[in-house]
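Please read the structure below before turning to the comments.
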Amino acid sequence: MKKLLFEGITLPEYTLSERLIQEAHRMLLSVGTWCSTVLCLLIISVLAGFMEKAGSNEPDALNFYIPLTYSVGLSMLITAPLNGLLSHRLAEELWKKNYAPLVNSLNAALTVLLPSIFILAFLMHQKWASSQVVGQGVIFAVLTTSMSALWICNNVMTLLHKDYGVIITFMLGLFLAILGTSLISDQLQGEGVLGVLSLGFTLTAFLQYGYIIKKYKNDWINPCYKFIRVNKENLMVFLFFIFFNFGMWIDKILYWFVDDSNNKLIGVLGEKKGVEDLFFHYSDYDYPFFVVFTLFAISQFLILRKLKELLKKPQQGFSDGLFLNLPFKYLDKEKNNLILGYRKIMYSLFSIYGSIILIISFSVSVDMIPLPWDNPYVFHILLISTLILGIFFLNLIILQYTDQYKPVALLCGFFLLTNGLGTFLTIKLYPDLQGLGFLIASLSTAVFSSIYVERILGRWEYVVIKNIANNF
């Protein structure tokens, strides 16, 4: 607090505008990966706007949006398990300040994954797309591969805590994509915009990869595949990321392929026509889901903003104190700080993000915020789901801190199963309650994970000692 010497009254140290700028800056750094992903989607919307401005008709617009949706989903689902194994391996080495395996492990991940994704994406397009033109298949495969390279490089940059680097490279690479599209928009159709977007993703991944090589390369590059070796721990990490990412996508996939009323193609005249083409399925569920998960970044900020201070620091202090046989008073203090930090983050989720959800839901209910989709229930259901999902996400972080990958994999497997089964039953029995399966899955896994985390925190000494014993 500042004091006015001549009056003796106090004033806030920061003005409201300064505080808002600080919080925005912290949010950008805390959820850099999430913000960069949302930024990608916003850039995609801008590029689509350029395409429509160029006079593309409706089928061409669909030839842009639908392959792009499949490309994003395919790249994320395939890269997630390998990214998980890579993160698990590098996090241990970077914690020891050992940067030697960084470049070699990154190159191993790229050499294994990128050719496989290109071939798989091309074959999928040629088998299931309405148009089996080789050029369109190549563009789809290149787009999927470039995004996969970006997710991998972005993951390593995040592990290195290069948050500014992530944001800057995204902005630079995708700005050039926008610039290129705007300059030649009159000549571009759907596939042309996808091609320019691929160049933007490729340039962004190249900038991040170049930074990592320049900063951390010490010797000849020799790809190291140790992080994908088969053992029980790696299997649990692999299953964790497989189950979690499929659990996040399974409801949308079911709405694409099970709900016959949503499997439609917009015709030239605007009427909706049912189609059998696998590659042209989409759902009215996708739009509200994207809007809600953009808002979900707020809950991620509340969790990640003080994660190091409230959870990571007392957890590390307790582990080091137990390992060094420090007095019980010190251990009790660190354990208490850890439990209090966990509850503070939980309180922030309910009080701040819950209030935001309440305000948005009320505004929608009284028509202050008009919804661009027909179903009025899906938005409210998904909003509540993100609050509960934030609790599940926080519990997953706690469990990962202690390498509890087996219960994490089981919880995510249960999330996948519950979301899939709940969504399927919702489609068949309660078609108007879109998102109910996702709400049930989020609620059940949040409850079970919270019970398990409370149990873990109560016997934290046993958990740490067991982990120390396993590492020796």
Side-chain angles (χ1 to χ4, degrees), residues 33-34 37 69-92 105-106 108-121 123-124 144-145 147-152 154-156 158-159 225-258 289 293 296 389 392-424 437-438 440-442 444-446 448-449 452:
T33 304
W34 191 276
T37 304
T69 302
Y70 278 82
S71 183
V72 171
L74 182 63
S75 63
M76 286 185 170
L77 288 175
I78 295 179
T79 56
L82 191 68
N83 255 337
L85 293 174
L86 183 64
S87 300
H88 182 64
R89 158 74 171 166
L90 293 182
E92 295 179 356
S105 297
L106 172 61
L110 293 174
T111 55
V112 166
L113 195 61
L114 298 188
S116 305
I117 287 183
F118 182 88
I119 295 172
L120 178 62
L123 293 177
M124 283 182 61
T144 307
T145 305
M147 279 196 286
S148 301
L150 182 57
W151 305 142
I152 295 174
N154 188 79
N155 176 50
V156 176
T158 303
L159 286 172
Y225 300 93
K226 290 183 179 180
F227 72 96
I228 55 176
R229 60 189 174 188
V230 179
N231 56 45
K232 184 178 180 180
E233 185 177 15
N234 278 354
L235 177 61
M236 292 297 106
V237 174
F238 182 84
L239 291 177
F240 159 46
F241 284 94
I242 282 282
F243 290 158
F244 182 77
N245 284 277
F246 266 101
M248 294 296 293
W249 277 86
I250 189 64
D251 52 334
K252 288 165 285 301
I253 294 174
L254 288 173
Y255 273 111
W256 289 346
F257 302 122
V258 176
F289 195 91
F293 264 73
F296 185 58
L389 186 67
F392 178 47
F393 182 76
L394 172 62
N395 292 333
L396 290 183
I397 293 177
I398 293 287
L399 295 176
Q400 287 181 76
Y401 275 173
T402 54
D403 292 330
Q404 301 284 311
Y405 283 102
K406 182 177 180 180
V408 164
L410 292 175
L411 284 168
C412 291
F414 181 74
F415 177 69
L416 168 62
L417 179 63
T418 309
N419 192 13
L421 182 60
T423 301
F424 181 81
F438 188 78
I440 294 173
S442 300
S444 56
T445 48
F448 290 140
S449 62
Y452 188 78

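Across F240, F238, F244, a single residue satisfies side chain to side chain contact (heavy atoms under 4.5 Å, CB included) together with P81, and that is F238.
Formation of a donor-acceptor pair under 3.5 Å by the T144 side chain with backbone atoms of A121 is not found in this model. Put simply, the side chain of N419 never gets that close to the backbone of A441: no donor and acceptor are under 3.5 Å apart.
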Worked verdict on L389 versus T445 for side-chain contact (heavy atoms from CB on, under 4.5 Å): CA-CA 8 Å; L389 186 67; T445 48; 5.8 Å; no
side-chain contact (heavy atoms from CB on, under 4.5 Å) evaluation trace for T79 with I117: CA-CA 9 Å; T79 56; I117 287 183; 3.9 Å; yes
Pair Y405-L235, side-chain contact (heavy atoms from CB on, under 4.5 Å): steps then yes or no: CA-CA 9 Å; Y405 283 102; L235 177 61; over 6 Å; no
Test side-chain contact (heavy atoms from CB on, under 4.5 Å) applied to S148 and I78, step by step: CA-CA 8 Å; S148 301; I78 295 179; 5.9 Å; no
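The six-membered or imidazole ring of F243 lies away from that of F415, with a centre-to-centre distance of 6.0 Å or more. Aromatic pair F289/F438: ring centres closer than 6.0 Å.
Considering only heavy atoms from C-beta on, S105 comes within 4.5 Å of L86 through its side chain. A 4.5 Å side-chain heavy-atom check between L114 and F118 finds every atom pair outside the cut-off. Annotation: side chain of C412 is in contact with side chain of L396 (closest heavy-atom distance under 4.5 Å). M248 places none of its side-chain heavy atoms less than 4.5 Å from the side chain of L77. Within the 4.5 Å cutoff, the side chain of M236 has no heavy atoms near those of the V408 side chain.
Closest non-hydrogen pair, L113 versus I152, comes out as CD2-CD1, 3.3 Å. The minimum heavy-atom distance linking A409 with L239 is given by the pair CB-CB, 4.2 Å. When all heavy atoms of L411 and S449 are compared, the closest pair comes out as CD1-CB, 3.8 Å. For the residue pair S444 and T418, the shortest heavy atom distance occurs at OG-CG2, 3.8 Å.
Ring geometry, F448 versus F414: the interplanar angle exceeds 60°, so the pair is classed perpendicular (tilted spans 30 to 60°).
Separation of atoms CG (N155) and CG (L90) is listed at 8.0 Å; rounding is to 0.5 Å. The CE atom of M76 lies 7.0 Å from the CH2 atom of W249; values are rounded to the nearest 0.5 Å. In this structure, the separation between CZ on F241 and CG on N83 is 8.0 Å, given to the nearest 0.5 Å.
Using modelled atom types and a 3.5 Å distance limit, the side chains of D251 and T423 yield no donor-acceptor pair.
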